[in-house]
Structures are given as C-alpha cells and as structure tokens.
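Structure first, commentary second.
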There are 2 protein chains.
Amino acid sequence: MKSSEKTFTAIVETAYRMFSEYGIAKTTYSMIAEEVGISKPSIYYYFKSKEELINYIFEEVCKAIEFSAFFTLKNFTKDNFKDELVAVGFRMIEEQAKDKHFNRVIQEYLLLASRNKKYIQRFEMVQQEFLVGFEDLLKRGSDLGVTSSVNVHAKAHMLAMILDNIGNFMLLDVKIDYKQVWIEAVATIIRDEV
Amino acid sequence: MKSSEKTFTAIVETAYRMFSEYGIAKTTYSMIAEEVGISKPSIYYYFKSKEELINYIFEEVCKAIEFSAFFTLKNFTKDNFKDELVAVGFRMIEEQAKDKHFNRVIQEYLLLASRNKKYIQRFEMVQQEFLVGFEDLLKRGSDLGVTSSVNVHAKAHMLAMILDNIGNFMLLDVKIDYKQVWIEAVATIIRDEV
DNA sequence: GTCTATAATCGGATAGAC
DNA sequence: GTCTATCCGATTATAGAC
C-alpha cells in the first residue's frame, strides 16, 4: 500500500468514526486532521470538499447494507427455510452489534437523505431492494409450501421493519434479546402454515 | 396571550420546524431570529443558550410520544381487544403522518441521546414505558383469553419495534400501506389463539 | 503529497442602551 | 423585552512554498 493510500484510508476511517461519535455536521476537517496526524489542508488533496467526503462514506455505507450482501434466495430450501431465515437475521444483528458506529452513521445518513434529493434516491433503492427481497423470499417460501400465501406483501414489510429497527433500538442500548424478537417474527410467518 | 409569550411560542415553533428541516446542529440562532422577525440576541432573553432551547424542545417531544399519550389499558376488553389495538396503532400512524416534522425531530434527538447521557435516560424511560406497556397489554389480552400467553415478552417488543419503525420508514417516504402492516402485526398476536 | 499562512465567513454569546 | 455593536473562536477553503 502506497503512503498516499494509507493516508486516504486513515482519513476515511477516522471520518467514519467521528461521524458516529459527533455527528456529520459537527465533525470538522480540523478534528479529522488532528486525529490522523496531518494538517487540515492535506485532506483537501483527497477530498476537495467536506461534501465530497460525506458522499464517499455514504456510498460505502450503502454497499454494506444492501439486501444482497446478506440474503441469497437460492440458499433457501423447503427443509432449511425457517432456520436459514433465522440464521441470516442473526448474522445481520451480529454485524450491527460488532461495529458500534454502524447504526449511528446509518441514522446520520438517513436524516441527511430525508432532506436531500441527492441521497434519498440511493437510499430508496436500498430500502426498496430490501422490501422486494423479502417479498420474493416469502413468495418462494409459499411456493415451497412452508409459509402462507396470504398478505405476503405486508408480511414482508413487517419483517423488513423489524430487522431494520433493531438497529434503532441498539442506538439506545435497549436491553432486548434481539435474536429472540427475530425468532418470534420468523415464527409468525411460518406458524399459520401448520 | 402576552406579547412575550407570543415571541416565546414563535421561537419554539420556528426552532422545531428548523430542527426538522436543517437538523439541530445546523440550525442557528441567526436563522431562527430572522424567521421569527427579531434580532439574534433577543432569543437569549428566552433561552440563555442554544443548549437550553434544545433541552426545552426535547422535553416537549418526549411528552408527545409517551405510551400513556396513546394507550389506556382499561379501554381494552375481550370483545374489542383486537379492534382497539388496531385503532390505537392507526391513531399513532395518523399522528405521525400529520406532522411532517415529527419523525425527523425524533430521529435528531435519538442521535443526540445516543451520544449524550443527559438525554439518554429520559429517552430510555419513554422507550421502556412503551415496552412494558405493550407487555402489560398482551398480558391483559392473555388474561382475557384473546391472545396467547407464550413469548409475551418478545411479542410485545416486536409490536413496539414495528410501530416505532413506521416513523423511520416514513422519513424516506417509503410507499407502504402502514396500516396494513400494523393490521398484519396485530393479527400475528391474535391469530394463534384460534 | 504535505506543509504554513491566511482569507472570508459564521457560530455562540455578552455588554449595555433604550 | 428588544435592540445595536461587538468579541472571540472555529469553519470551510485557497494560495503558494517545499
């Protein structure tokens, strides 16, 4: 790794951490520079404005939360459907719990997106992919005969909401057994197919 | 209403709207003053620092989102249990849809709270009240024989998460039939009690 | 690539007149 | 209560040397 790449990475990682700790608006080039150990104007060599840095990290975050980063439709079979669904949910919960900055940065960008056309479209893509992904998954489940075929749409959205909001609850460090909640949610999808 | 009260109200309402539109960090006394039509230092007569203004609006927001502001346990009977649960959820959804600034301001404060001991405790109170409230409600439901008595804890948390996250989805203007999702969620609680 | 120096602007906050 | 004037520190960003 070239020295310039090292600096680039250091800037991005430090900015990400500070976006989480202090918020995007209150994170300044001075703070990042001091933490990285370079001068403030040096950052402008890599990102010609603060906005460009914000954009870059936004794209990184989006890639990390895509539905396809977690779910692979064809991994779900008649025999493993429920277990697989539970397992993937667990993996997402663990991923979120592992990186303590993750949820906060997502929320920061969610707010930014809600105010800014530039971000909102990209975020809607991710969100939509998730809803459609869950819907396809439940359709497959109903084809396989392991889930009900009624209200697939609303059920898919319900699952998406629960998984999504686990991050929100984690923000406040709410003492909940998140995995148990997910098990319960999956069970409501499977259950009425006795 | 005295003139001073009018100014006070104008400051608070303008700040609330601007916290939503631009974020708490990027809302300045200058912006508020200009919008209200007074000078910047005049605001200091009412709020001796920006932090004090932030605190005041935080308290207002907390009062508006308390469980008891929506749910009254004794309104739930054997006959109306499901309908009442659906209806109260609808009322919350409508409340959120009505005030377009509400969700954003909540998310702003959620992030603030996640970084600040001062806010986090108050928010945890609200959150906890909601979780316990739903749990009590489901216990009552199971006493009345309309809901299952298994996994009441996780089910209550699931309901809380769904209702809570509807606001999050609204932020991105996700095209979902929120009421249908809530109906589905309530149904999963009732359903297995055939 | 990284630095020093600096411009231009804006933030929160106070003093003190009316 | 509301104003004008003002302080001080911080912010984004650029110019230009090395």
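Proteins come first, then strands; the chains are lettered A, B, ... in the order of their sequence lines, and each starts at number 1.
The distance between atom CZ of A:Phe8 and atom C1' of C:dT2, rounded to the nearest whole Å, is 17 Å. For B:Ile54 and C:dG11, the CD1 to P distance is 14 Å, given to the nearest whole Å. The nearest whole Å value for the distance from the NZ atom in A:Lys6 to the P atom in C:dT2 is 11 Å. Between A:Lys26 atom NZ and D:dT12 atom P the separation is 12 Å, expressed in whole Å. Spacing between atom NZ of A:Lys48 and atom P of D:dT12 amounts to 16 Å, rounded to whole angstrom units. Atoms CD1 (A:Ile32) and P (D:dA10) sit 17 Å apart, rounded to a whole Å. Rounded to a whole Å, the CD atom of A:Glu34 is 13 Å from the P atom of C:dC3. To the nearest angstrom, C1' of D:dA10 lies 12 Å from NZ of A:Lys50.
You'll find the ring centres of A:Tyr56 and A:Phe8 inside the 6.0 Å limit.
Residue B:Tyr29 has no polar side-chain atom (N or O) positioned under 4.0 Å from OP1 or OP2 of C:dG12. For B:Thr7, a side-chain nitrogen or oxygen approaches OP1 or OP2 of D:dT2 to under 4.0 Å. Distances shorter than 4.0 Å separate some side-chain N or O of A:Tyr44 from OP1 or OP2 on D:dA13. OP1 or OP2 of C:dT2 lies within a sub-4.0 Å distance of a side-chain N or O belonging to A:Tyr46. Taking 4.0 angstrom as the limit, A:Ser30 places a side-chain polar atom (N or O) nearer than this to OP1 or OP2 of D:dT11.
Side-chain proximity of A:Pro41 to D:dT4, C:dT4, D:dA13: nearest is C:dT4.
Across all strands shown, B:Thr28 has heavy atoms under 4.0 Å from sugar-phosphate atoms exclusively, and none from any base. Base contact: B:Ser39 has a heavy atom under 4.0 Å from a base atom.
Using bins of under 30°, 30° to 60° and over 60° for the plane-to-plane angle, the ring pair A:Phe19/A:Tyr109 lands in the perpendicular bin. Using a 30° and 60° split on the angle between ring planes, A:Phe67 and A:Phe71 fall in the parallel class, below 30°.
Geometrically, A:Lys179 engages A:Phe90 in a cation-pi contact defined by less than 6.0 Å to the ring centre and at most 45° from the axis.
The CE atom of B:Met18 lies 4.0 Å from the CD atom of B:Glu35; values are rounded to the nearest 0.5 Å.
No hydrogens or angles were tested; on distance alone, a donor-acceptor pair under 3.5 Å links the side chain of B:Lys40 to the base of C:dG12.
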